Amino acid sequence: MTMDIKEQTIRLIDELKATCANYGMGNDGNEYKIITQVFLYKFLNDKFGYELKNARSEIAKKIKEADKWEIAYAELNDNERMLLQSSLSADVPILEPYHLISNLWNQQSKGDFDTIFDNTMTDIAEKNADIFSTQTTDNTKIPLFETLTNFVTDTAHRADFARALVDKLVNFSFEAAFEKHYDFFASIFEYLIKDYNTAGGGKYAEYYTPHAIATIMARLLVGDDSDLHSQECYDPSAGTGTLLMALSHQIGEERCTIFSQDISQRSNKMLKLNLLLNGLVSSLDYAIQGDTLVAPYHKSDDGQSLRQFDFVVSNPPFKMDFSGTREKIAAQPARFWAGVPNIPAKKKESMAIYTCFIQHVINSLKEKGKGAIVIPTGFITAKSGIEKKILQRIVDAHWVYGCVSMPSNVFANTGTNVSVLFFDKSASAEKVVLIDASKLGEEYKEGNNQKKRLRDFEIEQIVTTFRECKPVDDFSVSVSYDDIKEKGYSLSAGQYFDIKIEYVDITEEEFNQRLADYQKKLSGQFAESHRLEEEIMTQIRSLKFNKQLSE
């Protein structure tokens, strides 16, 4: 039985990782660059061939009818090739015949194959730089591909390493996956990067947002509105882009533009891959690497104030040492209206940086914009400090319209309990939906980590309950803003649950029997207690007597 495309793709990823391990780079700091870049190269190679075959051009028929499209493409004259390339949409990279995997395969016998391999990758990046690069806050272009074989320390093994990578690529095709889009590539991307996002939230956006939480956030923000168009979506701590991909899919990839920023170089490379896999090439220009809090890149037309968006999502780092940039952040009081955490004398790594991101998310919303942010659950019952100021502001202004507390251990390596806050800058909600989903989820083990994941029916339970503002015993409540103020601005669902006393009708005879049973049980416990007391006193007297004898 032949494997389906998902199984084949997962096998390709496993084989690429095994190749890295065979050349001494298993769990190496640069392994993720090799895996994500080679995977992307293969994807774009096959995407290019697929688009050539389906182009609206007479020349394309030659490609489609050929036994091997690569050979037919190489045999076109320069004019035919240029006409065919110009018929492709802008979200398809332009590859020349010498860029194709088949061409690399045919050159494997050459001694300097590592140089040929690297030059092919960098040449593709250079020729497609206008569309397929991302940039930093200082406008430095980050190319699509970089040299890879230099990560093999032993120069004598570099050509063999490049050959081994190409060997894994030639007998596989992505063509069957191009019709599948988000649902397929979301799970493939998660599998691809699972070994490279294990920092547990200690650094900027280096931990992966579970697909279930991203889905819940997107569905509750967007709903099922099919009339949306030209929507601008933003994530200031984008990481690998999971939240943005779920959001764009819910809106419709063709109806939105993605804006992002993240300080991590690693995350930026993975985000770029995620955008390309999900057909969001036009958003690459807006994928920025840099410190959002110190230097937010996305500005309004005046170049000064923050650009505002229709939807903003964020899963920021919760705590970290940002003492080196704290003063620059604190020098922007209009942005950080509730304040910036002070630098503690000890445990600088415990600075609550997420409070700055909450303020940034709210500031980045249009007048009728909606947003959602993952925060530590302790925030929703804060009694003092910056946290309390933020709570008061979002409740008093009627910006917060929901909070969902998630099960523990839903993130890979952090035991922090998390909740998701939902904002609506239009302040149109009359009540706030509070959901305690902490008891949901199934437990499973991954490596040494005990984790939990939400099942499909539980995702539906959360989404349906939230949308319908349904009160469900010990699960959800819908409360007014005045009720929240009376409870000290708490957004914890449990504090609003009714305490229920169960009443049972019984006869006088049943009552007397139960009373007699309780009395009998109580008498037995008293008798047992008295016996134990006598036994202890006897032991104490015996100890005293023995002590006197020894003296």
Side-chain angles (χ1 to χ4, degrees), residues 209-210 212-223 243 247 311-316 318 338 352 354-355 357-359 361-362 365 369-383 386-408 410-411 416-441 454 458-459 461-498:
T209 309
I213 292 181
T215 299
I216 290 168
M217 289 168 71
R219 290 180 64 186
L220 292 182
L221 282 176
V222 179
L243 291 179
L247 186 58
F311 293 99
V312 180
V313 287
S314 175
N315 176 13
F318 292 167
Y354 76 92
T355 57
F357 276 99
I358 296 175
Q359 295 171 78
V361 164
I362 292 168
L365 287 169
K370 285 188 170 184
I373 185 169
V374 181
I375 41 98
T377 294
F379 169 84
I380 65 176
T381 55
K383 301 296 181 192
I386 295 168
E387 292 86 347
K388 183 61 179 284
K389 286 180 184 175
I390 295 172
L391 277 173
Q392 288 175 329
R393 180 79 180 270
I394 63 179
V395 172
D396 289 346
H398 292 202
W399 288 337
V400 63
Y401 71 100
C403 177
V404 180
S405 295
M406 297 295 177
S408 58
V410 289
F411 288 98
T416 305
N417 292 331
V418 304
S419 295
V420 182
L421 291 179
F422 292 87
F423 305 118
D424 184 348
K425 210 68 177 290
S426 71
S428 57
E430 293 180 5
K431 291 200 168 185
V432 182
V433 181
L434 306 177
I435 292 180
D436 180 3
S438 62
K439 297 180 182 69
L440 301 185
L454 291 168
E458 291 169 324
I459 294 172
Q461 181 185 351
I462 292 169
V463 170
T464 302
T465 303
F466 192 106
R467 285 181 178 178
E468 296 177 359
C469 301
K470 285 197 307 191
V472 178
D473 287 351
D474 296 326
F475 182 69
S476 66
V477 289
S478 179
V479 295
S480 70
Y481 291 97
D482 287 338
D483 289 338
I484 294 172
K485 291 175 190 177
E486 284 178 20
K487 289 281 188 182
Y489 291 88
S490 171
L491 296 177
S492 172
Q495 295 197 13
Y496 300 88
F497 291 155
D498 292 331

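For this chain, numbers begin at 1 and follow the sequence in order. Nothing here was measured: the structure is a model prediction, and the numbers come from that model.
- Summarising the geometry of Pro210 relative to Val410, their closest heavy-atom pair is CG-O, 3.2 Å, with the distance given to 0.1 Å.
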Quiz item: So Ile373 and Phe423, side-chain contact (heavy atoms from CB on, under 4.5 Å) or not? Walk me through it.
Solution: CA-CA 9 Å; Ile373 185 169; Phe423 305 118; 3.7 Å; yes

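- Taken from CG in Leu220 to NZ in Lys370, the straight-line distance is 9.0 Å, to the nearest 0.5 Å.
- The structure places OH of Tyr481 at 11.5 Å from NZ of Lys431, a figure rounded to the nearest 0.5 Å.
- Here Ser478 pairs with nothing under the side-chain hydrogen bond (donor to acceptor under 3.5 Å, both in side chains) rule; sequence neighbours left out.
- Under the side chain to side chain donor-acceptor pair (under 3.5 Å) criterion, the residue pairs touching residues 386-404 are Asp396-Tyr489, with sequence neighbours excluded.
- Judged purely by distance below 3.5 Å, without hydrogens or angles, the side chains of Asp482 and Ser480 never pair a donor atom with an acceptor atom.
- Residue Ile484 is tested with Ile394, Leu391, Leu491 for a side chain to side chain contact (heavy atoms under 4.5 Å, CB included); the sole match is Leu491.
- Asp424 and Ser426 make their closest contact through OD1-OG, 2.7 Å (heavy atoms, listed as atom of the first residue, atom of the second, distance).
- Lys470 is linked by a salt bridge (charged side-chain N to carboxylate O under 4.0 Å, His left out) to Glu468, counting only residues two or more places apart in sequence or in another chain.
- For the side chain to side chain contact (heavy atoms under 4.5 Å, CB included) test with Phe497, the passing option among Leu434, Val472, Asp436 is Asp436; the others fail.
- Taking each heavy atom of Gly441 and Leu454 in turn, the nearest pair found is N-CD2, 4.1 Å.
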Self-check item: Test side-chain contact (heavy atoms from CB on, under 4.5 Å) applied to Leu440 and Phe475, step by step
Solution: CA-CA 10 Å; Leu440 301 185; Phe475 182 69; 3.9 Å; yes

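- Using a distance-only test at 3.5 Å, with no hydrogens or angles considered, no donor-acceptor pair links the side chain of Ser490 to the main chain of Lys487.
- One distance of note links CZ of Phe379 with OG1 of Thr355; it measures 8.5 Å at 0.5 Å rounding.
- The distance from the CG atom of Leu421 to the CD1 atom of Ile375 is 4.0 Å, given to the nearest 0.5 Å.
- Rounding to the nearest 0.5 Å gives a distance of 11.0 Å between CD1 of Ile435 and OG of Ser419.
- Here the shortest heavy-atom pairing between Gly402 and Val432 reads N-CG1, 3.7 Å.
- A pairwise comparison of heavy atoms in Leu221 and Gly371 identifies CD2-O, 3.4 Å as the closest pair.
- In this structure, Val420 and Met217 approach most closely via the heavy-atom pair CG1-CG, 3.7 Å.
- Considering only residues two or more places apart in sequence or on other chains, Ala214 meets the side chain to side chain contact (heavy atoms under 4.5 Å, CB included) condition with Thr242, Leu243, Ala246.
- With sequence neighbours left out, the side-chain hydrogen bond (donor to acceptor under 3.5 Å, both in side chains) criterion links Ser314 to Ser237.
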Quiz prompt | Evaluation steps, side-chain contact (heavy atoms from CB on, under 4.5 Å), between Val374 and Tyr354 | solution = CA-CA 9 Å; Val374 181; Tyr354 76 92; over 6 Å; no

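- One finds the CE atom of Met406 at 11.0 Å from the OG atom of Ser438 (value rounded to the nearest 0.5 Å).
- Not a single side-chain hydrogen bond (donor to acceptor under 3.5 Å, both in side chains) links Thr215 to another residue, sequence neighbours left out.
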